[in-house]
Amino acid sequence: MKRITFDSFVRTCALLLAVVLAVMTIDYLSVVLVPFFVAWFVAYLIFPLVEFFQYKMRFRFRIPSILLSLSLIGGIITAIVLLCMPTVVAEFHRFVSIVDNHISRRTYNNDMELLLADYIQHINFKELIHSGQFIDITKVAIGGVWSVMQSTVGFVASIVSWSMSVLYLFFILYDYERINRSLRRLVPRKYSHFANNLLTDLKIGMNAYFRGQFLIALCVGALFCIGFEIINFPLAIPMGILVGVLSFIPYLHALALVPAFLLCILKSAETGQNFWLVLLSAAAVFVIVQIIQDAVLTPRIMGKAIGLPPYLILLSLSVWGCLLGVIGMIIALPLTTLICSYYKRYINRS
């Protein structure tokens, strides 16, 4: 067992302090860094297509390969949107017309305006202005206006940051190999062999993960399309496609519950069915598909792709998702596979 010296103790503390400071800095600069990391992640997914056009199709320069790859992906997304858009627009107009009909049937008390006018006439504005209550109200109002201004500035800054991610994506794709080589050179020479093996293993794990996750998302989307068609749910195919796309990130398809709830209202108002029965049928589709995904698809497909048992897959998704949010759920399984592999290789040698 290696002896712990004062020098090693100080180095360990300094390393821990550096890690804490790095995490705090990343959290403080998250508005700027998150678009950059998202662009890097998208570039990692797109780069094999760029390589195909440049090396397999023998494009001479990188820029045409990038533009053709982005155009191809954008064309596929646009085609899906155009195919689904007429149905979505028609259902939206139906929803608006149904809501308008329900509102127009209701009667409101017109004496409310008279009561409000009478209340305003009895207010002593002179006394209100000179009272301390008016000053307090003014301070609160000014603070509210200032908060709205700060929120607006932050919103505009976020839009600018996310707009910059497009430029990040282009330049990362353009210098992808050069950036990787530069990162490898930053590692000290005595650790270069370990770092190269680590990056290679990480790349293999990420590739296997994304292939498996794409297959799972495809199966989940198909199951939701079938389930929504069985219960005659509005926008069955577009909703199934939406849930399938969201399923590429584990458990993110829970966001589809909001439009599903609105579509339950639409179906109940249009057909006259009991709202709770409609909602229960939609919830049953979500629950059944989730059980199939967790009990069959994820263990079989992902377990075979990355070699993790089902309980460890669910545990890693929960832990990394709690630590790093959506990004943690994306990288959870590759990182867990890598950690288990290196634990067996270097620590648990006996």
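Numbers here simply count residues along the sequence, with the first being 1. In this text, all values refer to a predicted model and were calculated from it rather than measured experimentally.
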request  = Check the pair N232 / K267 against side-chain contact (heavy atoms from CB on, under 4.5 Å), numbers first and verdict last.
outcome  = CA-CA 9 Å; N232 196 22; K267 183 179 178 181; 4.2 Å; yes
request  = Check the pair C264, F233 against side-chain contact (heavy atoms from CB on, under 4.5 Å), reporting the backbone distance first and the verdict last.
outcome  = CA-CA 8 Å; C264 288; F233 200 65; 3.6 Å; yes
query = Would N274 and V278 satisfy side-chain contact (heavy atoms from CB on, under 4.5 Å), going step by step from the backbone distance to the final call?
reply = CA-CA 6 Å; N274 185 285; V278 176; over 6 Å; no
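In this structure, L45 CG and L169 CG are separated by 10.0 Å, a value rounded to the nearest 0.5 Å. Note that CG of L173 and CG of L67 are 10.0 Å apart. Values are rounded to the nearest 0.5 Å. If you take CG on L297 and CD1 on I216, they are separated by 6.5 Å, rounding to the nearest 0.5 Å. Remark: S65 OG to I46 CD1 distance equals 13.0 Å, nearest 0.5 Å. Between L242 atom CG and I80 atom CD1 the span is 11.5 Å, to the nearest 0.5 Å. The distance from atom CG of L215 to atom SG of C219, rounded to the nearest 0.5 Å, is 4.5 Å.
By the ring pair (Phe, Tyr, Trp, His ring centres under 6.0 Å) test, F261 is found to be paired with F275, residues two or more places apart in sequence or in another chain being considered. Considering only residues two or more places apart in sequence or on other chains, L49 meets the side chain to side chain contact (heavy atoms under 4.5 Å, CB included) condition with F53, S69, L72, I73. Residues forming a side chain to side chain contact (heavy atoms under 4.5 Å, CB included) with F52 (at least two apart in sequence, or on another chain): K56, M57. With sequence neighbours left out, A256 forms a side chain to side chain contact (heavy atoms under 4.5 Å, CB included) with M239, V243, L246, F286. A search for side-chain hydrogen bond (donor to acceptor under 3.5 Å, both in side chains) contacts involving Q290 returns H253, D294, not counting sequence neighbours. Applying the side chain to side chain contact (heavy atoms under 4.5 Å, CB included) test to L167 and every residue at least two apart in sequence or in another chain returns M164, F171.
No side-chain donor-acceptor contact under 3.5 Å links Q293 to the backbone of A217. Between the side chain of S268 and the main chain of I265, no donor-acceptor pair closer than 3.5 Å is present.
Residues L16 and L21 do not share a hydrophobic cluster, defined by chaining ILVMFWY side chains whose heavy atoms lie under 4.5 Å apart. By the criterion of side-chain heavy atoms lying less than 4.5 angstrom apart, applied directly or through intervening Ile, Leu, Val, Met, Phe, Trp or Tyr residues, L218 is not grouped with V289; the two fall into different hydrophobic clusters.
The closest side-chain heavy-atom distance from I237 to E229 is below 4.5 Å. For the pair L68 and F59, the minimum side-chain heavy-atom distance is below 4.5 Å.
Cluster partners of L277: none. The rule joins Ile, Leu, Val, Met, Phe, Trp and Tyr whenever side-chain heavy atoms lie under 4.5 Å apart, and it links nothing here. Alongside V287, the hydrophobic cluster contains I291 (criterion: ILVMFWY side chains under 4.5 Å). The other members of the hydrophobic cluster of I230, by chain and number, are I226 (side-chain heavy atoms under 4.5 Å, ILVMFWY only).
Closest approach of V285 and F224 over heavy atoms only: CG1-CD2, 3.9 Å.
The stretch residues 33-46 participates, sequence neighbours left out, in these side-chain hydrogen bond (donor to acceptor under 3.5 Å, both in side chains) pairs: Y44-N207. Sorted by first and then second residue, the side-chain hydrogen bond (donor to acceptor under 3.5 Å, both in side chains) pairs involving residues 170-179 (not counting sequence neighbours) are Y55-E177, R62-E177.
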